[in-house]
Amino acid sequence: MNPTSSIEASLAGAPSTSMTGNAVEIRGLTKRYGSSADLALDGLDLTVPRGSVFGLVGGNGSGKTTTLRTMLGLNLQDSGEALVFGEDSRRLSKATRQRIGYLSEDEFPYDDIAVVDALQFVRGFFDEWDWDWCDHLVERLGVDRRKRLDGMSKGQRRLAEVLLAVAPSPDLLVLDDPAIGLDPSVRRSVLWTLLETVQERGTTVLFSSHILQDVERVVDHVGILHQGKLRVAGELDEIKERVRRVILPGHSAPEILEGELGREQLGSEVAIVTSSWSEALADRFADAISVDRINLEEMFLAMSGEAVSGEKLSGEEVSR
């Protein structure tokens with residue numbers, strides 16, 4: 001079949017799957033590179049529900065790429081396990097691998113071919129393929145199928161690589177920092193278009209990013225990694241309800257607060273970010289000077305020891 005003119009209909013896409021249960025389950029995952037004393041992953045636990053859009057966020061070196069590569073069996077862990085659709089990541093069957101679309105942070109390895117030829121190459125790894133779906137993606141993402149990859153700008157190439165990852169119509173789409181190389185003006189629209197398109201088919205999406213504002217706009221589940229540990233994870237709306245920045249008089253600030261993510265001394269006051277705010281804590285610290293909602297970026301900065309007090313980034317004050 002020659003897809004050069006109009007990508008013609010072929011086989012149907014991957015079969016639909018149940019929307020219940022988990023697409024990914026990671027338990028106690030530990031990974032160390034070489035003889036380094038530092039752990040790239042430190043007892044990581046992570047659950048990605050089927051049908052969700054899950055954003056895995058964190059700074060450089062936090063473990064995002066290592067998590068994704070180990071989950072897909074591209075790295076071998078030192079301990080723990082990762083299950084994809086119930087199968088051990090170290091022994092994924094051909095059938096399960098064909099249910100996964102993966103966009104690496106690395107460039108597609110072949111430069112001197114047109115997008116349409118790259119699609120033909122990728123198609124060879126899948127038993128089932130839907131050229132009508134590819135046609136739809138080409139139009140939605142605005143990719144020039146006739147253009148060679150080495151003749152594209154960095155942003156255009158990244159879009160073409162996104163197309164190659166989504167083209168197999170996967171049940172699980174894994175994207176390692178998909179916005180690399182995209183201008184801010186188009187980054188958000190591309191993410192919205194991509195996620196809207198794949199969610200029409202009930203695809204589970206797991207993507208990593210260091211651009212927390214973008215993540216907050218498009219995900220329904222999120223996990224924040226810091227130094228190889230998952231510090232906060234769950235449904236985004238639920239996380240927003242239980243994470244607070246609390247400013248307390250120094251005399252009433254506990255040595256450690258439940259769910260503490262970071263703290264900062266402010267003269268006679270203490271600013272603490274916690275992921276376990278509750279009515280019980282509100283009653284316990286009725287003398288709190290302020291209790292604020294914060295966004296994902298502020299949560300991450302608190303874990304990194306920055307902007308805990310909100311002096312750089314201010315949250316929305318709420319009642320306790």
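FYI, side chains are in, hydrogens and waters are out, and symmetry mates aren't considered; it's all heavy atoms of this structure. Remember, it's a predicted structure, so these values are computed and weren't measured experimentally.
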Check your understanding: Checking side-chain contact (heavy atoms from CB on, under 4.5 Å) for the pair D132/H136: CA distance, chi angles, key distance, verdict?
Key -> CA-CA 6 Å; D132 280 341; H136 178 60; over 6 Å; no
Salt bridge between [X] and [Y], side-chain N to carboxylate O under 4.0 Å?
X	Y	result
R157	D111	yes
E298	R293	no
D130	R201	yes
K240	D237	no
E196	R140	yes
R69	D106	no
D45	R27	no

Check your understanding: Does NZ or CZ of R123 fall inside the cone over W131's six-membered ring, less than 6.0 Å from its centre and within 45° of the axis?
Key -> no
Point to revise | Charged tip of R99 within 45° of F85 ring normal and under 6.0 Å | key: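 Pair R99/F85 counts as cation-pi.
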What I'd like to find out is whether the side chain of [X] reaches to under 4.5 Å of the side chain of [Y], using heavy atoms alone.
X	Y	result
V243	T274	no
R284	P254	yes
V198	V166	yes
K147	Q156	yes
I26	T70	no
M299	I239	yes
R242	L281	no
F108	L164	yes

Is a side-chain N or O of [X] found less than 3.5 angstrom from the main chain of [Y], in a donor-acceptor match?
X	Y	value
T96	S93	no
Q120	D117	no
T67	G63	yes
S275	G259	yes
Q98	D127	yes
Q265	G267	yes
D144	R146	yes
S89	L83	no
Q77	G80	yes
E258	W277	no

Drop me the distance from [X]'s [atom1] to [Y]'s [atom2], to the nearest 0.5 angstrom.
X	Y	atom1	atom2	result
E255	R263	CD	CZ	8.0 Å
F300	I294	CZ	CD1	12.5 Å
L44	L39	CG	CG	11.5 Å
S79	L29	OG	CG	7.5 Å
L206	L46	CG	CG	7.0 Å
I224	L296	CD1	CG	5.0 Å

Can you give me the closest heavy-atom contact between [X] and [Y], atom names plus distance?
X	Y	result
K31	L76	NZ-O, 2.8 Å
L119	C134	CD2-SG, 4.5 Å
P168	V122	CG-CG1, 4.3 Å
T204	G51	OG1-N, 2.7 Å
A160	L149	CB-CD2, 3.9 Å
R231	L261	NH2-CA, 3.6 Å

Practice item. Dump the intermediate steps for side-chain contact (heavy atoms from CB on, under 4.5 Å) on E260 and V273, then the final yes or no. Key: CA-CA 6 Å; E260 183 171 322; V273 172; over 6 Å; no
Any donor-acceptor pair under 3.5 Å linking the side-chain atoms of [Y] with those of [X]?
X	Y	value
D176	S208	yes
Y33	D78	no
D220	S52	no

Review point. Among all residues two or more places apart in sequence or in another chain, which pass the salt bridge (charged side-chain N to carboxylate O under 4.0 Å, His left out) test with K64?
Key: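 So K64 forms no salt bridge (charged side-chain N to carboxylate O under 4.0 Å, His left out) with any residue.
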Review point. Do any pairs count as a ring-ring contact (aromatic ring centres under 6.0 Å, His included) and have a residue in residues 215-269, sequence neighbours left out, and if so which ones?
Key: none
Practice item. Measure up the F121 and F125 rings against each other and bin them: parallel (under 30°), tilted (30 to 60°), perpendicular (over 60°). Key: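 Aromatic pair F121/F125 classed perpendicular.
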Check your understanding: Do F285 and L248 pass the side-chain contact (heavy atoms from CB on, under 4.5 Å) test, and can you show the C-alpha distance, the side-chain angles, and the key distance before you say yes or no?
Key -> CA-CA 8 Å; F285 297 107; L248 297 166; 3.7 Å; yes
Practice item. Determine, step by step, whether F207 and V53 satisfy the side-chain contact (heavy atoms from CB on, under 4.5 Å) criterion, reporting the C-alpha distance in whole Å, the side-chain angles of both residues, the deciding distance to 0.1 Å, and the verdict. Key: CA-CA 8 Å; F207 76 98; V53 178; 4.0 Å; yes
Check your understanding: If you draw a 6.0 Å radius around CG in D283, do more than 12 non-hydrogen atoms from other residues or ligands fall strictly inside?
Key ->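 Counting other residues, nucleotides and ligands, CG of D283 exceeds 12 neighbours.
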